[in-house]
Amino acid sequence: MMNNLDSPAVTRPPQQKHTEGRRWGVGMRLLWQLLAVLAAVVVARLISAAVGGHPWLTFGIGLATGVLAIAVYAWVVRRTEHRAPVEVGLKAAAPALGWSAPAGIALFGAVIALIALGGYYTINGLGDPATALGLLGFMAGAAVSEELIFRGILFRIVEEWTGTWIALVLVGLLFGLVHLLNANATLVGALAIAIEAGGMLTAAYIATRKLWVPIGLHFGWNLAASAIFSTELSGSGAPTGLLDATTSGPALLTGGDFGPEASIYAVVFGVLATTAFMWVAYRRGYVVPVRGSARKRMIEAHPW
């Protein structure tokens, strides 16, 4: 009679290994993945704070933050789920970012255009290209790290418990509420973020089952708000990017102290984008049902 140490190694098929990885414990996977990615982001943020706002260093550290966060995410997913992290597969990165980042810029640009048509956004002149460069790197790192945390870890794992729609609402609300930590945050602004960004970015992940589209949309949106149009960004301040501009007027239209993300225009565009992405997700069969048995079969049949 052989004991376990004498038994020959058994080669498990990839799908069986993947299923066993998921059964390792949803809560433990959530914890370890969050800790790993958050540790990488915190280290990068501390280094960024130490450089004193130097534009070129901020740019480089921001890009390095994104690369490091993706590498850590891929490593911890392999370790805790025994599968390839297809949601951050590099092959899909360039095509997805190539259209989603400009789309994010265009969406925020459309919000600014409507505010400007009402006479509430005024361009005073050119801003500071050096600051805009630093913001480009910083926003890249922020978009990557936030999408890995909220869509790659929180939504994806909560979806296994609840199905797509409940997870979308819960993680969207959490994403909005986190913005209450910003200096000029408002409850209205946080709820607006939950609806427009929490909904749109999560739906973009559901429709593609890749993280590159939400990363691109998030990056383009934030880049437009800060480095291009120089508006208040989620209540965290209004840096001077490429344009020296002023926003003032009714909070319903301009977003007030929180910035244009709390504008009714931003909420409408976000809802429309969310609806479009969810329609695509349904067409592709990517929406996980609430019912336990059907949810389990669907989750175990896919690598995401």
Side-chain angles (χ1 to χ4, degrees), residues 85-89 92-93 95-111 143-144 146-179 189-222 224 234 261-304:
V86 293
E87 61 271 28
V88 289
L97 294 174
W99 71 264
S100 59
I105 294 173
L107 276 171
F108 193 87
V111 173
V144 170
E146 289 182 21
E147 290 312 304
L148 290 175
I149 291 168
F150 284 94
R151 258 56 67 177
I153 299 173
L154 289 173
F155 172 79
R156 185 174 57 80
I157 294 179
V158 170
E159 186 184 38
E160 294 183 33
W161 277 330
T162 66
T164 295
W165 281 107
I166 295 175
L168 187 153
V169 172
L170 292 176
V171 175
L173 282 173
L174 179 61
F175 185 68
L177 292 175
V178 164
H179 288 78
L191 291 175
I193 288 284
I195 295 169
E196 73 203 24
M200 175 178 69
L201 298 174
T202 305
Y205 167 72
I206 299 166
T208 60
R209 291 296 169 175
K210 301 288 186 295
L211 287 168
W212 298 115
V213 171
I215 286 172
L217 287 169
H218 195 154
F219 169 67
W221 179 278
N222 282 2
S234 306
E261 288 168 308
S263 163
I264 188 64
Y265 300 133
V267 173
V268 170
F269 282 133
V271 170
L272 290 174
T274 300
T275 302
F277 279 124
M278 289 307 298
W279 178 80
V280 172
Y282 266 108
R283 290 289 298 265
R284 293 177 174 176
Y286 286 170
V287 177
V288 178
V290 175
R291 189 160 52 88
S293 57
R295 185 176 73 247
K296 182 179 179 181
R297 284 196 302 270
M298 186 170 181
I299 288 293
E300 292 188 351
H302 293 83
W304 28 267

Between E261 and S234, is there a donor-acceptor pair closer than 3.5 Å when you use the side chain of the first and the backbone of the second?
-> yes
For A96 and W212, which heavy atoms make the closest approach, and how far apart are they?
-> CB-CB, 3.5 Å
Taking the side chain as C-beta and beyond, is there a heavy-atom pair between V287 and W165 under 4.5 Å?
-> yes
Partner of L97 by side chain to side chain contact (heavy atoms under 4.5 Å, CB included), out of V213, L217, I215 | I215
Any side-chain heavy-atom pair of V88 and P85 under 4.5 Å | yes
Validation row: F155, Y205 side chains within 4.5 angstrom (heavy atoms) = yes
To the nearest 0.5 Å, tell me how far F277 CZ sits from L201 CG.
-> 8.5 Å
Measure the spacing between CG of L211 and CZ of R209 and express it to the nearest 0.5 Å.
-> 10.5 Å
Might you point out which heavy atoms bring A262 and G189 nearest each other, and give the distance in Å?
-> CB-CA, 3.8 Å
Using 4.0 Å as the upper bound for N to carboxylate O, is an ion pair formed by K210 and E147?
-> no
In this structure, CG of L173 is separated from CD1 of I193 (nearest 0.5 Å) by 12.5 Å
Are any of the side-chain heavy atoms of I149 and L154 separated by less than 4.5 Å?
-> yes
For F108, ring-ring contact (aromatic ring centres under 6.0 Å, His included) partners two or more places apart | W221
Below 4.0 angstrom, N of the basic side chain to O of the carboxylate: do E87 and R156 qualify?
-> yes
Where G220 and I105 come nearest, the two heavy atoms and their spacing | O-CG1, 3.3 Å
Quick one: does W279's side chain have a donor or acceptor within less than 3.5 Å of a partner on T274's backbone?
-> no
Rounded to the nearest 0.5 Å, what's the gap from CZ on R284 to CD1 on I206? Could you check?
-> 12.5 Å
Can you see which heavy atom on S100 is nearest to which on G216, and at what distance?
-> OG-CA, 3.2 Å
How many angstroms lie between atom CD1 of I195 and atom CE of M200, to the nearest 0.5 angstrom?
-> 13.0 Å
Can you tell if the side chain of V111 reaches within under 4.5 Å of the side chain of L107, non-hydrogen atoms only?
-> no
Residue pair A207 / A281: nearest heavy atoms and the distance that separates them = CA-CB, 3.8 Å
Side-chain touch M278/T164, heavy atoms, less than 4.5 angstrom | yes
Between P95 and W99, what is the shortest heavy-atom contact and its length?
-> O-CD1, 3.2 Å
Side-chain contact test, heavy atoms from C-beta onward, threshold under 4.5 Å: evaluate it for F175 versus T202 and give yes or no.
-> no
